[in-house]
> 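Quick one: this structure, given as structure tokens, is what I'll be asking you about.
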Amino acid sequence: MSERDAIEQEFRRRLEAVKTSNPKFAFDREGRPGAIAAVRGALPAIERELFDAVMEDCECELAATREALLQMLAEAGGQGRN
């Protein structure tokens, strides 16, 4: 297993622990697509396009944040070996 895979597994484990540690951190990743589809379906066409753009922007930011975190952890782990 690569170092990045190990970091990713630990990240997921910790995220789950944080998610269940306090109600303010609780999220429902499995239920989210259905909720988003319901909101999207209730909007007129022009608002739907805006909603889709905002959701895509949020998804991109989360993906970039996650990637930056993983890169930082991998670099920190590599520095510890020197």
> With respect to Phe51, which candidate in Glu47, Arg48, Glu49, Met55 satisfies the side-chain contact (heavy atoms from CB on, under 4.5 Å) definition?
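Of the listed options, the one satisfying the test is Met55.
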> For the CG atom of Leu69 and the CZ atom of Phe11, what is their distance to the nearest 0.5 Å?
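That separation rounds to 5.5 Å.
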> Partners of Glu10 by side chain to side chain donor-acceptor pair (under 3.5 Å), sequence neighbours excluded?
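Applying side chain to side chain donor-acceptor pair (under 3.5 Å) to Glu10 gives Arg13, Arg14.
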> Is there side-chain contact between Asp52 and Glu56, with at least one heavy-atom pair below 4.5 Å?
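Side-chain contact under 4.5 Å: no.
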> So which heavy atom on Phe25 is nearest to which on Val18, and how close?
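Looking at all heavy atoms of both residues, the closest pair is CB-O, 3.5 Å.
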> Might you point out which heavy atoms bring Ile7 and Leu70 nearest each other, and give the distance in Å?
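Closest heavy-atom pair between Ile7 and Leu70: CG2-CD2, 3.6 Å.
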> If you draw a 6.0 Å radius around CD1 in Ile46, do more than 12 non-hydrogen atoms from other residues or ligands fall strictly inside?
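No, CD1 of Ile46 has 12 or fewer neighbouring heavy atoms, counting only those of other groups under 6.0 Å.
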> Does Arg29 have any side chain to side chain donor-acceptor pair (under 3.5 Å) partners at least two apart in sequence or in another chain, and if so, which?
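Listed in chain order: nothing, the list is empty.
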> Residues in salt bridge (charged side-chain N to carboxylate O under 4.0 Å, His left out) with Arg4, at least two apart?
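By the salt bridge (charged side-chain N to carboxylate O under 4.0 Å, His left out) rule, Arg4 matches Glu67.
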